[in-house]
*Asks:* 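This structure is in structure tokens; I'll ask about it shortly.
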Protein chains: 2
Amino acid sequence: MSDSSDPNRLTGDDLATWAALATVLEWLPPALDAPLIRSFDLTHFEYGILFALADAPDRALRMTVLADYANSSLSRLSRAVSRIEGRGWVQRTRDPVDGRSTLTTLTDAGLKMLDTATPVQALSVKELVLDPLTSAQRGQLGEISRRIQRAIRKQEGWQPPQPSASDND
Amino acid sequence: MSDSSDPNRLTGDDLATWAALATVLEWLPPALDAPLIRSFDLTHFEYGILFALADAPDRALRMTVLADYANSSLSRLSRAVSRIEGRGWVQRTRDPVDGRSTLTTLTDAGLKMLDTATPVQALSVKELVLDPLTSAQRGQLGEISRRIQRAIRKQEGWQPPQPSASDND
DNA sequence: AGTTTTTACTTGACTGAGCAAGTAAAAATT
DNA sequence: AATTTTTACTTGCTCAGTCAAGTAAAAACT
């Protein structure tokens with residue numbers, strides 16, 4: 001009997017769980033980024049942009065859609081795309097159909113970068129997240145993550161971006 | 001039946017699990033910070049400093065120890081302490097025993113802030129993390145987090161805070 | 001058709017964090 | 001005792017990310 005006795009603060013098992021999670025929240029992102037940064041000076045976020053574009057038709061997406069896939073604000077994405085555009089991995093063009101939109105296209109060099117980076121990225125996710133867990137825990141982690149996601153969307157005034165098309169990472 | 005077939009990229013359930021976790025890693029920290037920032041212009045990180053100090057003898061800790069509790073680099077901690085010192089919640093003094101060290105002490109105002117902020121903090125952790133999970137999942141989340149932590153410490157050249165003492169050649 | 005509103009970004013100002021260089025005090029070495 | 005090394009921070013520089021303001025094109029309205 002150590003849980004949720006006092007509603008005003010975390011105690012017992014709840015506190016321990018939260019402390020463990022908080023440490024992961026702090027350390028996991030930089031730990032995952034490190035190999036990609038060392039090897040290619042590429043962040044996981046920038047990798048995610050290349051990854052999303054590679055699966056898109058014509059390897060191109062509008063910024064808003066890409067921002068949604070990358071869990072990103074438009075402004076953050078805009079700057080990140082500027083960075084990797086400067087390195088020749090994507091290219092921006094004005095959408096001929098809608099002049100307000102920017103189409104970001106993965107270049108051949110970008111695709112090559114993605115293919116090179118993918119095994120490195122996969123390896124660190126496996127080493128740091130997947131392999132240390134049992135198969136059951138991997139399943140639980142997915143379910144737990146989805147529940148937390150739902151709670152976040154519920155709490156903040158959340159609006160589904162476009163309930164029409166696909167959803168994926 | 002879709003796991004770990006290709007060692008060079010994530011597929012199937014592994015990809016789905018990772019995608020779900022990546023979204024949480026991106027969204028949970030700002031979602032947890034939001035209520036504290038709105039209410040008191042206090043980040044979770046700054047809250048953590050106050051929290052750690054409150055439990056320390058004399059409500060004081062040396063920067064290095066505090067950095068360890070807060071999962072923080074010394075430089076990040078130094079700036080954060082400067083911020084909350086400017087708001088009167090902590091105070092820095094030189095350690096009389098070791099002149100290199102800085103003792104950071106929680107002030108009465110800081111303790112009051114902590115007590116005010118704690119229920120807000122506890123509520124958001126409960127709403128976003130604990131309540132959406134089953135009791136079994138809460139337990140699993142703790143265990144999963146600890147396993148990931150261990151993997152991170154193993155991979156990076158990790159040095160325990162105090163590599164015991166005498167080991168010279 | 002002309003004006004207003006909305007959409008889709010982009011960018012300037014600002015803040016927080018990392019890295020590396022600096023400072024000062026204690027410990028170790030000569 | 002004097003010098004070197006280590007420890008414990010602090011700070012300047014730079015950069016990524018946020019928020020708000022700006023820009024330009026399409027949609028809606030009159």
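Order of the sequence lines sets the chain letters (A, B, ...), proteins ahead of strands, with each chain counted from 1.
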*Asks:* How long is the line joining CG of B:Asn71 and C1' of C:dG18, in whole Å?
*Replies:* 16 Å
*Asks:* Between atom CG in B:Asp33 and atom P in D:dT18, what is the gap in whole Å?
*Replies:* 12 Å
*Asks:* Go through the structure and list residues passing side-chain contact (heavy atoms from CB on, under 4.5 Å) with B:Arg147, not counting sequence neighbours.
*Replies:* A:Pro132, A:Leu133, A:Thr134, A:Gln137, B:Glu143, B:Arg150
*Asks:* Which pairs with one or both residues in residues 23-38 of chain B pass salt bridge (charged side-chain N to carboxylate O under 4.0 Å, His left out), sequence neighbours excluded?
*Replies:* A:Arg76-B:Glu26
*Asks:* Taking salt bridge (charged side-chain N to carboxylate O under 4.0 Å, His left out) as the test, write out the residues that go with B:Asp41, two or more places apart.
*Replies:* B:Arg87
*Asks:* Listed in order of residue number, which residues of residues 74-96 of chain A have a non-hydrogen atom at under 4.0 Å from DNA chain D?
*Replies:* A:Ser75, A:Arg76, A:Arg79, A:Arg83, A:Arg94
*Asks:* What salt bridge (charged side-chain N to carboxylate O under 4.0 Å, His left out) pairs are there with at least one residue in residues 77-86 of chain A, not counting sequence neighbours?
*Replies:* A:Glu46-A:Arg83, A:Glu85-A:Arg92
*Asks:* For DNA chain D, which residues in residues 34-49 of chain B have a heavy atom at a distance below 4.0 Å?
*Replies:* none
*Asks:* What residues form a side-chain contact (heavy atoms from CB on, under 4.5 Å) with A:Ala16, not counting sequence neighbours?
*Replies:* none
*Asks:* Enter the distance from A:Leu53:CG to A:Leu111:CG here, rounded to the nearest 0.5 Å.
*Replies:* 10.5 Å
*Asks:* Show the distances under 3.5 angstrom between N or O atoms of the protein and N or O atoms of nucleotides 4-7 of chain C.
*Replies:*
{"unit_1": "C:dT7", "atom_1": "O4'", "unit_2": "A:Arg100", "atom_2": "NH1", "d": "3.3"}

*Asks:* Looking at residues at least two apart in the chain, or sitting in another chain, which of them share a side-chain contact (heavy atoms from CB on, under 4.5 Å) with B:Ala56?
*Replies:* B:Leu61
*Asks:* Please enumerate all residues that pass side-chain contact (heavy atoms from CB on, under 4.5 Å) together with B:Asp95, with sequence neighbours excluded.
*Replies:* B:Arg62, B:Val97, B:Asp98, B:Ser101, B:Leu103
*Asks:* Output a table of donor-acceptor pairs, distance under 3.5 Å, between side-chain atoms of residues 113-123 of chain B and any protein atom two or more places apart or on a different chain; print 'none' if there are none.
*Replies:*
{"unit_1": "B:Thr116", "atom_1": "OG1", "unit_2": "B:Lys112", "atom_2": "O", "d": "2.7"}
{"unit_1": "B:Thr118", "atom_1": "OG1", "unit_2": "B:Tyr47", "atom_2": "OH", "d": "2.9"}
{"unit_1": "B:Thr118", "atom_1": "OG1", "unit_2": "B:Leu114", "atom_2": "O", "d": "2.8"}
{"unit_1": "B:Gln121", "atom_1": "NE2", "unit_2": "B:His44", "atom_2": "ND1", "d": "3.2"}

*Asks:* Could you tell me which residues satisfy salt bridge (charged side-chain N to carboxylate O under 4.0 Å, His left out) with B:Asp58, sequence neighbours excluded, listed by chain and number?
*Replies:* none
